[in-house]
Structure formats: structure tokens, C-alpha cells
Amino acid sequence: MLDMRLYMLQRLSALVMAPLVFGHIAVMIYAIGGGLSAAEVLGRTQGSVGWMLFYGTFVVVVSIHAAIGLRVVLAETIRIGRLPLALFSWAVCLGLLYMGLSAVHAVTAS
Amino acid sequence: MPDAAASLSVSVWRGGPEAGAFRSFDVPALKNQTVLDVVAWIQRNAEPTLSYRFACRVGMCGSCAMMVNGQPRWTCRTHVRKVAEDGRLEIAPLRNLPVIKDLAVDMDPFFDKWVKAEGVFHSSTDRAADIAPVRPSTPARVAADAGIECINCAVCYAACDSVAANPDYLGPAALNRAWTLLNDAKDSGRVAILDAVSRPGGCTSCHSQGSCERFCPNELSPLTSIAGLKREAAWRFLRKES
């Protein structure tokens with residue numbers, strides 16, 4: 001269900017994700033507390049390589065981390081074969097990647 | 001001395017691997033009484049065909065573990081007054097292991113996993129060699145000593161929700177044993193042990209919920225041992241050691 005490779009991938013993705021989560025929370029508090037409008041937010045993010053890298057990395061590590069975590073939850077909740085488990089994990093990972101990177105593209109592309 | 005007015009209401013699991021049910025018994029309540037005393041009273045006075053395991057009666061052999069009011073306990077050292085709820089006891093076979101009959105479970109899967117986790121001594125010398133000195137103060141020996149008082153009672157195995165969810169998971173006792181051997185200066189099975197605990201079902205299947213530590217009657221911490229194995233296995237993976 002979870003070999004050493006996947007286990008390490010989940011741990012390392014968490015390692016990268018942790019500071020990004022704090023950064024994201026800080027951004028949310030700043031944006032909401034300061035009362036930034038959507039236009040003001042987009043004004044800061046569009047064309048910004050920094051924000052693209054920040055949220056692009058965030059999306060990639062979240063997609064990996066969540067897919068492996070849900071894989072374990074599913075395997076321990078219902079009896080499921082290796083192939084359906086692998087398909088499920090890839091579907092979650094690619095689904096999150098697609099949605100996340102689309103969102104990042106929408107707010108950072110100039 | 002029995003207190004004539006007091007009795008315990010005890011439900012005991014009766015049945016084999018396929019079917020069974022709880023049966024109720026009234027057992028005289030004593031001031032000092034263990035759960036194993038209650039089971040023995042029922043067998044001797046009410047239900048002669050009741051099957052259960054025990055041997056030493058003093059918490060050394062690890063054979064009398066059962067579920068008591070839904071929690072795994074070593075019954076010979078568990079006082080009724082500490083676990084009875086309103087004078088009621090529910091006694092069932094250990095969780096996570098196949099039932100043979102009544103309160104006796106098949107311990108084979110439990111011990112098979114000890115072997116699967118390489119929880120066996122790996123010798124590097126023969127009997128002609130000098131006895132290797134082992135310093136009690138080295139960090140490795142301190143880590144090993146912290147886990148070696150396991151009596152193989154399977155209480156941790158029954159308490160573990162990860163075992164319940166994943167039957168391939170080796171479980172806390174086997175991994176604790178692997179950890180003590182990994183830290184044993186006389187054991188030469190480091191590669192074999194880390195290979196065994198790095199496979200699916202090994203230490204990576206532990207969710208660190210800590211029920212093993214919560215229920216271990218000898219107050220060991222398999223959780224700490226498993227964390228140690230995770231650490232060693234992770235470093236080995238990163239260094240690409242074979």
C-alpha cells in the first residue's frame with residue numbers, strides 16, 4: 001500500500017508544504033485584513049514570477065501529498081486492489097494539479 | 001473474603017471462529033480480585049467448557065490477555081475494581097486475532113509477523129568467539145533496553161487501529177522487537193531488519209496514534225521504537241544505502 005518511496009515522497013512534500021502553508025495563511029490574513037479588492041489582488045499577482053513560483057510549488061506539493069494520504073485512507077477503509085488504488089491516486093494527483101495550476105495560471109499570467 | 005451482598009455481572013464471549021455470543025454470569029465480588037480470577041471462577045463453578053489461556057498469573061508470561069470492557073488488558077494483573085463499570089465486566093477474546101474458541105485466540109499471525117519483521121537474532125559470530133562487551137551506557141543500548149521487557153502478550157497488537165485497518169501491518173510488538181535488535185551491538189541483521197520494516201505493512205503503516213503505548217501493560221513505548229525505525233529507514237533511503 002505504502003512503500004518507502006511513497007512514504008518519503010509524502011514526508012518530503014510535507015516538509016516543503018509546511019512553510020508554504022504559513023505563507024499562504026499570512027497572505028490571506030493580509031489580503032482580507034487590509035480589505036484588498038479582487039482587482040488589487042490581481043494587480044499584485046499578474047505577471048509576478050514570485051507568486052507564480054510560490055503558489056505553483058504549493059499546488060505541486062499539495063497534489064502529491066494529498067494523493068498519497070488519500071491512497072492510505074482508501075486502502076485502510078475499503079479492501080481495494082493495487083491497480084484501482086494506483087489509478088485512484090494518480091487521478092487525485094492529476095485532478096488537483098490541473099485545478100490548482102489552472103488557478104495559479106489565472107491569477108499570475110499577465 | 002466474599003461479600004455476600006455483592007456480585008459482579010460478567011458477560012463472557014462463548015463461541016468459535018464462525019459464530020458466538022456473550023453469555024452472562026453472576027460472579028461473587030471479592031475485595032481483591034483480578035479479571036483472570038473472575039474467568040477462572042466462571043470456568044470452575046459455572047461453565048466448565050470455557051476456554052481461556054493463562055500460565056504464570058504474575059504478569060510475566062503474556063498469555064492471559066483479553067478484551068475487558070472493550071479494552072485489551074493482561075487479565076492476571078488487572079484488578080476488577082479498576083475496570084468494572086457499575087459492577088459489570090465484558091470479557092472477550094483479543095481483538096485483531098482469529099478466535100479459536102471462547103477467550104482463546106490464534107496467536108500465529110502475531111508471531112509470524114515477528115519473524116516477518118526480522119525480529120529474530122542475527123548472529124555474526126560462533127560459540128567459540130569471545131563474549132562481546134556491551135556497554136550499558138551507549139545510546140544504542142539505552143534504546144534497546146527501553147524496549148526489551150516485552151512479554152509478547154499482544155495487548156498492543158489488539159489495541160492498534162492500524163492493525164485493524166490493515167491486516168498486513170506488522171504491528172507494534174514485532175516492530176518494537178525489530179528496533180531492539182537494530183540497536184543490539186551483538187545483532188548483525190541491520191540490513192535485513194531495515195529491508196523488512198521498509199516494505200509495505202512495515203513501520204510506514206503506523207499512524208502514530210499511540211494506543212500501543214497507552215495499553216502496554218509493561219509501560220513500554222512501541223510508538224517510540226517505531227518512530228526510531230521510521231527515522232533509520234528514512235535516512236537509509238536518503239543515503240541510498242543497501
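Basis for what follows: all heavy atoms, side chains included, without hydrogens, waters or symmetry-related copies. The chains referred to below are lettered A, B, ... by the order of the sequence lines, with proteins before strands, and numbering in each begins at 1. Since this is a predicted model, take the numbers as computed values, not measurements.
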Counting only heavy atoms from other residues, nucleotides and ligands, does the tally under 6.0 Å from [atom1] of [X] exceed 12?
X	atom1	value
B:Asp126	CG	yes
B:Lys116	NZ	no
A:Tyr98	OH	no
A:His105	NE2	no

Does any part of the side chain of A:Met4, heavy atoms only, come nearer than 4.5 Å to the side chain of B:Arg236, both counted from C-beta?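 B:Arg236 does not reach A:Met4 side chain to side chain.
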To the nearest 0.5 Å, how far apart are CZ in A:Arg11 and CG in B:Leu238?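 These two atoms lie 12.5 Å from each other.
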Find the distance between SG (B:Cys203) and OH (A:Tyr7) and round it off to the nearest 0.5 Å.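 Going from SG on B:Cys203 over to OH on A:Tyr7, the span is 6.0 Å.
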Give, as side chain, backbone, both or neither, the part of A:Met8 having an atom under 4.5 angstrom from any heavy atom of chain B.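 Side chain only.
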At a heavy-atom separation under 4.5 Å, does A:Arg5 approach chain B through its side chain, its backbone, both, or neither?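 For A:Arg5, backbone and side chain are both near chain B.
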